[in-house]
Structure formats: structure tokens, C-alpha cells
Amino acid sequence: MSQRFIALLPAAGAGSRMGSELPKQYLPLLGKPLLAHTLSALAAAPQLDRLVLVLSPEDGWFESIVPHLGELQGKLTVLRCGGASRAESVRNGLAALASELACDDWVLVHDAARPCIAASDIGRLIDALRDEPVGGILALPVADTLKRADGGGQIAATVSRTGLWRAQTPQMFRYGLLRDALDQAADDTITDEASAIEASGHAPRLVLGNERNIKVTYPDDLALAALYLQAR
Ligand code: C5P
């Protein structure tokens, strides 16, 4: 049987570091909400059969992006089962798909707040992992020198960057494995799917990502995302 590849987008966060009333996934970016860019970017990857969006049950903004979605709505499933943490939103989304997905199907979890993901990055991730038993993530080797702070604004130590990578998304795992790992994980220690998989005793693979696949977190990131999208 051919393998299925599903994108799951947790989009139930409030984006408090952005300092805006509007959750960051709905902030305007080049004339449409940020989330509409992210969905279009994923829809451009031909390998993805389906896009599943996990919203907060209280989300009052999704309808505003519908006019920007066009044909991709045919691939889109919207779930209103987001939770108090990213891990809970992903866990709830995976549980809602239980009757439709097989254990071996691939789930690519992607931050709603990464609108600059390129179809070529998704293709590289899938090509690298499709025959793997577990899965892996897009990531980048750390380029800067790293300092550990002492809590008082001074440097306590320089940390070796050898072997350190920055995790990005998509993070691509087998459905059954990811569900089990997240069901057993404690939310306060889990900031991405790979850490739940690691905690369950597996070693996800690292696949070279792209500097442009930024997560919009602080106000300045929006301008950078606009530059990257315009440069396409
Ligand atoms: O806050 P952060 O940037 O780490 O969020 C990463 C992704 O997880 C975002 O797409 C955000 O909407 C999502 N998230 C979620 N449910 C939460 C918190 C974050 O779906 N409770």
C-alpha cells in the first residue's frame, strides 16, 4: 500500500511573546493572515495528501482567512480541539484522526507560525525519511558561539556548539509512534514532537533545514518573513 503523508498544524497558541491582541497566526503579512501563507506553502508540496489544522475551541478568527484559501480548502480539515500547550494541541489533533489514519502513516507536524517553509524543504524531509521506521525533523547546525547566562546578565560559561542543532518543523513521524509518545509525555518538558519521541527511547534523524524557515515569534520576525516571501 502506498504511504500517506498528512500535515498537522497546531495553531491554538496565543502568541504572547508577540505582544499583540490578535494571535500571531492571524497577524497580517503581505495582505493576508500569516496562517493563510503557511497553509498555501504546505499545499504546494505535492506529497501531502491532507492538511489538518488544530484551532483553539475559542478561536474567533479562522473565518477571516477562508477567502484567502481558494482551492486548498479541498485538502483542509479544521479541528477545534486545541489545548493549553502545543503538545496537548498535537495530542488532541492526533486523537481526532484515530479512525482515519493507520499506525504507519506519516504525520508532518508544522508550526502554524512558520509561513516561509518551501515545498523543496518538505520534499527533502520526506525523501530522507520515507523508508525510516521512526522519522525525524528539519534542523540547522548552530552557527553562533553559545553563552550560558549566570542569571544576572553576565556570562557564566561558553558552551561548545559542536554537535548542536536548532530544531525546526515539519517534524515527521509515524502516526502510531507519535501518538504513543505524546500520550506518555509530560507537557512541561515537551516543546516539540521529537522530544516526546526521544523520551520514548527512539533517535529521530536530523535533516538539513533552511535558514528561511523562521518561526514568527517576535514583532521583527514579521518583516523578515515578508522579505523571504517576497523574494520567492
Ligand atoms: O508558542 P510557540 O511559537 O512555541 O508555538 C508553536 C506552535 O504551536 C504555533 O503554531 C502555536 O499556534 C501552536 N500552539 C498550539 N497550542 C498551544 C500553544 C501553541 O497549537 N496551546
Side-chain angles (χ1 to χ4, degrees), residues 6-29 32-43 45 48 51-65 68-69 72 76-97 107-117 121-122 137-140 165-173 178-179 181-183 185-197 209 211-225 228-229:
I6 310 292
L8 183 85
L9 288 92
S16 47
R17 286 172 290 184
M18 204 70 186
S20 156
E21 282 290 297
L22 195 62
K24 63 182 174 182
Q25 57 272 29
Y26 292 110
L27 288 173
L29 175 59
K32 56 183 186 179
L34 189 156
L35 179 57
H37 289 278
T38 311
L39 288 168
S40 300
L42 292 172
L48 295 176
L51 313 179
V52 179
L53 185 61
V54 180
L55 301 180
S56 157
E58 287 85 43
D59 186 297
W61 299 277
F62 178 71
E63 297 309 323
S64 70
I65 80 162
H68 299 282
L69 298 183
L72 76 79
L76 182 65
T77 302
V78 179
L79 303 173
R80 291 181 173 270
C81 60
S85 67
R86 178 212 163 92
E88 194 181 332
S89 296
V90 175
R91 187 185 297 126
N92 292 350
L94 294 175
L97 297 170
V107 180
L108 284 80
V109 182
H110 184 64
D111 289 327
R114 291 187 192 265
C116 304
I117 181 71
D121 296 329
I122 296 170
I137 70 171
L138 286 179
L140 287 170
W165 291 61
R166 289 188 284 135
Q168 298 186 327
T169 71
Q171 303 206 346
M172 172 172 159
F173 294 104
L178 183 56
R179 247 198 106 177
L182 282 172
D183 282 349
D187 284 16
D188 52 353
T189 59
I190 298 294
T191 52
D192 69 352
E193 289 63 51
S195 41
I197 297 279
E211 284 290 352
R212 296 188 174 207
N213 180 21
I214 59 168
K215 182 166 76 168
V216 173
T217 307
Y218 300 104
D220 282 353
D221 298 334
L222 265 182
L224 191 56
Y228 288 152
L229 290 171

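Counting begins at 1 with the first residue of the sequence. For ligands, and for the atoms within them, numbers begin at 1 and follow the listed sequence.
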Practice task
Using a 4.5 Å cut-off on heavy atoms from C-beta on, say whether the side chain of Gln168 contacts that of Glu211.
Solution key: no
Handout entry: N or O pair under 3.5 Å between Val54 and ligand 1
Key = no
Exercise for the section: Using distance alone, decide if ligand 1 has a nitrogen or oxygen within less than 3.5 Å of any nitrogen or oxygen in Asp111. Expected result: no
Exercise for the section: Decide yes or no for Pro23 and Gln25: does some side-chain heavy atom of the first lie under 4.5 Å from some side-chain heavy atom of the second? Expected result: yes
Practice task
Using a strict 4.0 Å cut-off to heavy atoms of Ser89, name the atoms of ligand 1 that fall inside it.
Solution key: 15 (C), 16 (N), 17 (C), 20 (O), 21 (N)
Problem - Cationic N near anionic O, under 4.0 Å, Arg86 to Asp111 - result: yes
Handout entry: Close-contact set for ligand 1 against Ala112 heavy atoms, below 4.0 Å
Key = 10 (O)
Problem - Distance (rounded to the nearest 0.5 Å) between Ile197 CD1 and Ile137 CD1 - result: 11.0 Å
Handout entry: Close side-chain approach of His68 and Leu35, heavy atoms under 4.5 Å
Key = no
Problem - Heavy atom of the protein closest to atom 13 (C) of ligand 1 (residue, atom name, distance) - result: Pro10 O, 3.4 Å
Exercise for the section: Please state whether Thr217 comes within less than 4.0 angstrom of ligand 1, counting heavy atoms only. Expected result: no
Practice task
Nearest heavy atom to atom 19 (C) of ligand 1 wins, so pick from Gly83, Gly13, Ala11.
Solution key: Gly13
Problem - Min heavy-atom dist Gly82 to ligand 1 below 4.0 Å - result: no
Practice task
Select one of side chain, backbone, both or neither to describe which atoms of Ala84 lie under 4.0 Å from any atom of ligand 1, heavy atoms only.
Solution key: backbone
Exercise for the section: May I have the step-by-step check of side-chain contact (heavy atoms from CB on, under 4.5 Å) for Asp183 and Leu94, ending in yes or no? Expected result: CA-CA 10 Å; Asp183 282 349; Leu94 294 175; over 6 Å; no
Practice task
Quick one: closest heavy-atom pair of Thr169 and Asn213, and the distance?
Solution key: O-ND2, 2.7 Å
Practice task
Considering heavy atoms of the protein only, find what lies nearest to atom 3 (O) of ligand 1 and give residue, atom and distance to 0.1 Å.
Solution key: Lys24 NZ, 2.7 Å
Handout entry: Shortest protein contact, atom 20 (O) of ligand 1 (heavy atom only)
Key = Ala12 N, 2.9 Å
Practice task
Identify the protein heavy atom lying closest to atom 1 (O) of ligand 1, giving its residue, its atom name and the separation to 0.1 Å.
Solution key: Arg17 NH2, 3.5 Å
Handout entry: Option from Ser89, Ser56, Ser85 for which side-chain contact (heavy atoms from CB on, under 4.5 Å) with Pro10 holds
Key = Ser89
Problem - Heavy-atom check, side chain of Val216 versus side chain of Leu29, under 4.5 Å - result: no
Practice task
Measure the spacing between CH2 of Trp165 and CG of Leu138 and express it to the nearest 0.5 Å.
Solution key: 10.0 Å
Exercise for the section: Could you tell me which atoms of ligand 1, counted from 1 in the order shown, lie closer than 4.0 angstrom to a heavy atom of Ala113? Expected result: 10 (O)
Practice task
Using non-hydrogen atoms of the residue, decide whether Glu88 is closer than 4.0 angstrom to ligand 1.
Solution key: no
Handout entry: Heavy-atom proximity to atom 8 (O) of ligand 1, best of Lys215, His110, Arg114, Arg86
Key = Arg86
